[in-house]
Amino acid sequence: MSDNIAFEKTSYEGQVVVVTGAASGIGRSAAELIASRGAKVICVDLNQLGVDETVASILKLGGKAESAVLDISNQKGITDFISQTVSKDKRIDALINCAGYPGPTGKFVEEINWDDFQKVVAVNLFGAIWLTQSVLPIMKKQKYGRIVQVASIAGKEGNPKMAPYNTAKSGLIGFVKGVAKEVATDGITINALAPAVIATPINVNTAKETLDYMISKIPAGRLGEPNEVAEIIAFMGSKACSFTTGFTFDISGGRATY
């Protein structure tokens with residue numbers, strides 16, 4: 001009996017889950033894992049080719065998935081997308097926001113162009129806020145919901161020469177803490193996740209100096225893998241995550257033990 005109960009809590013059978021940043025890396029791994037546990041996954045990304053490949057991989061394994069192209073730095077685009085999703089699927093059980101953009105790296109703060117700074121904040125912070133604002137009324141009506149915001153170790157500790165990214169991710173962690181307290185009695189949990197550097201395409205253009213610094217800070221001495229991150233995300237977005245909210249989960253190979 002206990003095994004059945006545990007399975008039901010981690011199963012996504014009958015659920016509709018939105019995963020942003022699903023074209024590659026953490027988002028793709030999370031979408032594939034959650035689909036394998038029974039959810040219909042709406043895979044969202046700005047990269048049409050990549051997100052279509054994610055959907056194809058899920059369908060090939062017998063899962064349920066659809067793709068949507070969305071720029072999460074566009075507030076109206078988010079509002080329209082969530083509205084269309086609910087109109088079609090009648091519910092959204094979990095939002096897994098993995099979309100991210102590192103922006104300039106290897107630059108002192110005074111050297112960073114303001115437009116570049118604002119773009120990083122728009123994608124990593126404003127997009128997360130707008131997504132949350134859009135799904136919360138739906139989840140409150142359902143009396144159930146799970147929101148997962150992928151932040152970063154940069155939001156906890158700060159990485160040198162990554163000022164825009166540090167700013168956005170630390171803001172995201174603070175946002176999650178406060179909103180969690182607002183919805184704690186509505187059947188909704190919202191948590192953040194703070195990965196250290198993970199082996200994903202987002203780091204392809206990261207300055208070598210910055211990448212070397214981040215890896216040197218990890219006691220495990222290696223990059224994390226997307227599938228390792230996906231396992232924590234799958235728990236955070238499931239029924240099993242029922243009494244943890246406002247928390248920032250760690251996946252940093254020992255870098256952050258708080």
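Keep in mind it's a predicted model, so treat the numbers as computed, not measured.
Closest non-hydrogen pair, Val51 versus Ser67, comes out as CG1-CB, 3.8 Å. Looking at every heavy atom in both residues, Gln75 comes nearest to Gln133 through NE2-OE1, 4.3 Å. Among all heavy-atom pairs drawn from Pro104 and Val120, the shortest one is CD-CG2, 3.9 Å.
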Identify all side-chain donor-acceptor contacts of residues 147-154 below 3.5 Å with residues at least two apart in sequence or on another chain.
unit_1 : atom_1 : unit_2 : atom_2 : d
Gln149 : OE1    : Asn97  : ND2    : 2.7
Gln149 : NE2    : Ala128 : O      : 3.4
Gln149 : NE2    : Thr132 : OG1    : 2.9
Ser152 : OG     : Ala154 : N      : 3.0

Using a 3.5 Å cut-off and no angle test, enumerate the donor-acceptor pairs between side-chain atoms of residues 233-245 and protein atoms at least two apart in sequence or in another chain.
unit_1 : atom_1 : unit_2 : atom_2 : d
Ser238 : OG     : Phe235 : O      : 2.8
Ser238 : OG     : Ala240 : N      : 3.2
Thr245 : OG1    : Ile190 : N      : 3.0
Thr245 : OG1    : Ile190 : O      : 3.4

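Side chains of Asn124 and Pro164 form no contact here, defined as non-hydrogen atoms less than 4.5 Å apart. Considering only heavy atoms from C-beta on, Lys169 stays 4.5 Å or farther from Met162 through its side chain. The shortest side-chain heavy-atom distance between Gln118 and Asp115 falls under the 4.5 Å cut-off. The shortest distance between side-chain heavy atoms of Arg28 and Glu53 falls below 4.5 Å. Between Pro195 and Ile251, some side-chain heavy-atom pair lies under the 4.5 Å cut-off.
In the hydrophobic clustering of ILVMFWY residues, with side-chain heavy atoms under 4.5 Å counting as a link, Ile78 and Val44 come out together. Phe175 and Leu193 fall into different hydrophobic clusters, where Ile, Leu, Val, Met, Phe, Trp and Tyr residues are linked whenever their side-chain heavy atoms come under 4.5 Å apart, directly or through other members. Note on Val229: it does not cluster hydrophobically with Leu223, by side-chain heavy-atom contacts below 4.5 Å among ILVMFWY residues. One hydrophobic cluster, built from ILVMFWY side chains closer than 4.5 Å, cannot hold both Ile198 and Leu211; they sit in different ones.
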Note to self: Under the criterion side chain to side chain contact (heavy atoms under 4.5 Å, CB included), I'd like the reasoning laid out for Asn159 against Tyr165: C-alpha separation, chi angles, the key distance, then a yes or no.
What the structure shows: CA-CA 9 Å; Asn159 287 319; Tyr165 195 70; 5.7 Å; no
Next item on the list: Kindly indicate, with the supporting measurements, whether the criterion side chain to side chain contact (heavy atoms under 4.5 Å, CB included) is fulfilled by Val176 and Thr248.
Entry: CA-CA 8 Å; Val176 165; Thr248 301; 5.8 Å; no
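Gln48 and Asp52 share a side-chain donor-acceptor pair at under 3.5 Å.
Checked options Val135, Val41, Ile42; the residue passing with Val18 is Ile42 (criterion: side-chain contact (heavy atoms from CB on, under 4.5 Å)). When each of Val86, Leu95, Thr85 is checked for a side-chain contact (heavy atoms from CB on, under 4.5 Å) with Ile138, only Val86 meets the rule.
Asn191 places a side-chain N or O within donor-acceptor distance of the main-chain N or O of Gly246, the cut-off being under 3.5 Å.
Screening residues 218-229 for side chain to side chain donor-acceptor pair (under 3.5 Å), with sequence neighbours left out, gives Arg222-Glu228.
With a 6.0 Å radius and a threshold of 12 heavy atoms from other residues, nucleotides or ligands, Lys177 has its NZ atom at or below the threshold.
Ring geometry, Phe126 versus Trp130: the interplanar angle falls from 30° to 60°, so the pair is classed tilted.
Salt bridge Glu157/Lys217: absent, no basic N to carboxylate O contact under 4.0 Å.
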